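Chain A is the first sequence line, chain B the second, and so forth, proteins listed ahead of strands; every chain is numbered from 1. The shown structure was predicted, so the numbers you read here are calculated from the model rather than taken from an experiment.
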There are 2 protein chains.
Amino acid sequence: MKATIYDVAKAAGVSIATVSNAINGKGKISKERREQILKIMEQLDYQPSLIASALVGKKTFTLGLLIPDISNPFFGEIARAIEDQAHQSGYSVIICSTDNKDERVERYISLLEQKSVDGIIIGTGIDNIEILKRLETRSIPFVMISRETAAIAADTVVTDDYIGGMLAAQHLAGLGHRRLAILSENLKVSSSRERIRGFKQGLSDLNVPFDDSGIVICEYRVEEGRRGADELLSRGDKPTAIFCCNDLLAIGAMQAAKKSGVKVPDDLSIVGFDDTILAGVTDPPLTSVAQPIERMGKQAFELLIDNLVNTDAVKQRIVLRPELVVRQSTQQAR
Amino acid sequence: MKATIYDVAKAAGVSIATVSNAINGKGKISKERREQILKIMEQLDYQPSLIASALVGKKTFTLGLLIPDISNPFFGEIARAIEDQAHQSGYSVIICSTDNKDERVERYISLLEQKSVDGIIIGTGIDNIEILKRLETRSIPFVMISRETAAIAADTVVTDDYIGGMLAAQHLAGLGHRRLAILSENLKVSSSRERIRGFKQGLSDLNVPFDDSGIVICEYRVEEGRRGADELLSRGDKPTAIFCCNDLLAIGAMQAAKKSGVKVPDDLSIVGFDDTILAGVTDPPLTSVAQPIERMGKQAFELLIDNLVNTDAVKQRIVLRPELVVRQSTQQAR
DNA sequence: TTGAAAGCGATACCAG
DNA sequence: CTGGTATCGCTTTCAA
């Protein structure tokens, strides 16, 4: 059987209170006693039970991470960034892939609640605002990462999607492109809207005309991106450049281009978003707007921890600047 | 404050024991009482504390998952498969990215131990066998997935790497290739050795000669794969086909080929391994040996659960058959 | 069918 | 400095 604090106390000939103090460095214990106890703990291979200490009111040192799908490289990277931060502070993180389904979100949150996690990081879309409100009333700290809700005051860390769109626009316009198009996922996602808005603003700043008919909306998968791009490429005045609101769509666009004999980047420049591992793997490698994932993870974790300490701190919204990573899917317009 | 079982009991005018029984369907309770209690639980928005029930000896319904890196798509998929299985049975999983470092493995295991996880799924290489032995003596159930240790009797679920190698060989030989090469990662990993052994056997079965000088070893990243392939392609008698022991290396090989003007698949066929999301994204899409990840996750979870129930069951080793997914990176030899 | 009471393993307060 | 002891929220006998 696993050793408990009682075993240690008995072996050391002291009370459990003293052992507890020795472990946590609380109270005053003579140095000798302390070392003696520590030694015995080692001999007994004793590991304090976090379960028990969580019950007496301390924290569980466990976090929940809600994302659409851990097998999606973008979220895998987010998870890794958060995991690293958390681990440094002794926290572990429970993954919850929601598939963007509110029903799964609810199940997971209820589970996390029962497990008394210290907080939740939400990186998945949540349609039903009640879910977040519930978190609030139950005073479970949470922060949003890479997603937003206007409907509720919440700590948030996001990439500046507007700037991201702008960077793409400046890059493409700078290369001389004048016939541009946008491939975007569902406009319900605020980040897509912002990316588009930034892109259009970027163009307009440079006096490059753009008409909304150049925007094609599709789901977020490669497959759909391909179909969306097909449509764009079959038009009378084909675009010479497409801005895609994520890498998956960009890959779809590249595949569509190839199928219809349009050469990337010679005949068509393509810019993606997220700069996932996929961007470096396509042929040609994809120019993409990179989100500062590592810093996002760090900030999200820190916000959450602040929340634990200072329950009623003012909610913050941290906006991080993206960066354009130029590879070979874009070139001078001809 | 969160409602406890006492609040429910008081509100229902019964004892906590009765509430407990109502929740768990244990003992005998009149149907009316039960429903009355359930209703009150709902009114109070009561969620039983898993922490408390874990303390009284029940399970924590939490698992640890040790993998090298959750941001690597292959492990992301493994994690997802396991998460889905686990979630179905009410378990949650804690991710532990080890970077293949024993020191991180130890820290994580000790953490998982303190959190009293019900079991651990190990999908990462562990050099120090003592770590596993320790798990054994502490009777923490664990299963290995996609990794093996001969040094200890453990439940294991792996892909049949030998067959996987063979499938690749048969495919390439069947296409008429005679000058073949292998790009493999570190031979310390048993799966690499098996893949190579299977590949060679497959060729020899078909009377296709193969010399060990055609094997190039490198690390597992794209970058190194490129260098390894460079070497192969600069040789006097270039291979017409390369079998790569994972997708990342295959991508490296594709890049090397492109750089030196060798066309894939016209001049060079390439086969990868793992069939990650990356395989569908390269140009041309990569022919790859797919591991049945979903089934692996399912089996691993089931083995673990069996372990919980039946502590001293005979250790099993489950070997799953891989499958060749033919895409466009391979074609008839000319 | 229901309830009283004894833990589970730790923390923390209050005496000594 | 050190040690009782109540407590956290729940499960589980054992009686009633």
Side-chain angles (χ1 to χ4, degrees), chain A residues 1-38 40-41 44-62 90 110-118 138, chain B residues 1-38 40-41 44-62 90 110-118 138:
Chain A
M1 211 37 213
K2 266 185 69 172
T4 75
I5 198 171
Y6 290 96
D7 301 324
V8 177
K10 197 183 299 170
V14 297
S15 77
I16 59 165
T18 304
V19 176
S20 177
N21 284 337
I23 296 172
N24 302 300
K26 292 263 179 90
K28 282 137 229 310
I29 307 180
S30 66
K31 206 170 173 188
E32 312 137 14
R33 264 237 176 310
R34 178 151 205 280
E35 282 175 0
Q36 175 214 1
I37 293 176
L38 255 30
I40 292 193
M41 280 172 40
L44 264 48
D45 207 5
Y46 165 75
Q47 306 253 91
S49 157
L50 288 184
I51 296 285
S53 87
L55 187 59
V56 268
K58 303 235 312 190
K59 301 186 296 180
T60 53
F61 286 97
T62 306
S110 150
L111 209 71
L112 294 175
E113 223 175 311
Q114 288 177 223
K115 298 207 168 166
S116 314
V117 294
D118 295 334
R138 301 214 141 213
Chain B
M1 210 38 214
K2 267 184 68 172
T4 73
I5 199 171
Y6 289 96
D7 302 323
V8 178
K10 197 181 299 170
V14 298
S15 79
I16 59 167
T18 305
V19 176
S20 177
N21 283 337
I23 297 173
N24 302 302
K26 291 266 178 87
K28 281 136 228 308
I29 307 180
S30 66
K31 207 171 172 188
E32 312 137 13
R33 263 230 177 315
R34 177 151 207 278
E35 281 174 2
Q36 174 213 5
I37 291 177
L38 255 30
I40 293 193
M41 279 171 42
L44 265 47
D45 206 6
Y46 166 74
Q47 307 253 86
S49 156
L50 288 184
I51 295 286
S53 86
L55 187 59
V56 267
K58 302 232 314 190
K59 300 187 297 179
T60 53
F61 286 97
T62 305
S110 149
L111 209 72
L112 294 175
E113 223 175 311
Q114 288 177 223
K115 298 207 168 165
S116 315
V117 294
D118 294 335
R138 303 213 139 213

- Task: Would you mind reading off the distance between A:Asn24 atom CG and C:dT11 atom C1', rounded to a whole angstrom?
- Result: 8 Å
- Message: If the cut-off is 4.0 Å, is A:Tyr46 near the phosphate of C:dA10, judged by side-chain N/O to OP1 or OP2?
- Response: yes
- Output yes when at least one side-chain N/O atom of B:Arg33 is less than 4.0 Å from OP1 or OP2 of C:dT1, else no. no
- Task: Could you check B:Arg34 against B:Ala52 and say which one's nearest nucleotide on DNA chain C is further toward the 5' end?
- Result: B:Arg34
- Could you check how far CD1 of A:Ile5 sits from P of D:dT2, rounded to whole Å? 15 Å
- Note on the structure: Heavy atoms of B:Ile5 and B:Ile16 approach each other most closely as CD1-O, 3.7 Å
- Query: Taking CG from A:Leu55 and C1' from C:dT11, how many angstroms apart are they, rounded to a whole number?
  - Reply: 10 Å
- Message: Could you check whether the side chain of A:Tyr6 and the base of C:dC8 have a donor-acceptor pair of N or O atoms closer than 3.5 Å, going by distance alone?
- Response: no
- Query: Nearest-Å distance, CG (A:Asn21) to P (D:dT5)?
  - Reply: 17 Å
- Separation of D:dT11 C1' from B:Leu50 CG (nearest whole Å): 13 Å
- Task: Would you please confirm or rule out a distance under 4.0 Å between OP1 or OP2 of D:dT11 and any side-chain N or O of B:Ser20?
- Result: yes
- Task: Check whether any side-chain N or O of B:Ser53 sits under 4.0 Å from OP1 or OP2 of D:dC10, and answer yes or no.
- Result: no
- Would you say B:Thr60's side chain and B:Ala54's backbone share a donor-acceptor pair under 3.5 angstrom? no
- Query: Using a cut-off of 4.0 Å on non-hydrogen atoms, how would the nucleic acid contact of B:Ile16 be classed: base, sugar-phosphate, or nothing?
  - Reply: base
- Considering just the side-chain nitrogens and oxygens of A:Thr18, establish if one lies under 4.0 Å of OP1 or OP2 belonging to D:dG3. yes
- Message: What is the separation between atom CD1 on A:Ile37 and atom C1' on D:dG3, rounded to the nearest whole Å?
- Response: 12 Å
- Query: Looking at the side chain of B:Ser49, which of C:dA12, C:dG9, D:dC10 is the nearest nucleotide?
  - Reply: D:dC10
- Task: Rounded to the nearest angstrom, tell me the gap between atom NZ in B:Lys115 and atom C1' in C:dG9.
- Result: 17 Å
- From the options C:dA10, C:dG3, D:dT11, select the nucleotide whose nearest atom is closest to the side chain of B:Lys58. D:dT11
- Task: Could you tell me whether the side chain of B:Thr62 reaches within less than 4.5 Å of the side chain of B:Lys115, counting heavy atoms only?
- Result: no
- Message: Would you say NZ of A:Lys10 has more than 12 non-hydrogen atoms from neighbouring residues, nucleotides or ligands within 6.0 angstrom?
- Response: no
- Pick base, sugar-phosphate or nothing for B:Val14, based on heavy-atom distances below 4.0 Å to the nucleic acid. sugar-phosphate
- Query: In whole angstroms, how far is the C1' atom of C:dA10 from the CD1 atom of B:Ile51?
  - Reply: 12 Å
- Task: Assign B:Thr4 to base, sugar-phosphate, or nothing according to its heavy-atom contacts below 4.0 angstrom with the strands shown.
- Result: sugar-phosphate
- Message: On a heavy-atom basis, which atom in B:Ser116 and which in A:Ile51 lie closest, and how many Å separate them?
- Response: OG-CG1, 3.6 Å
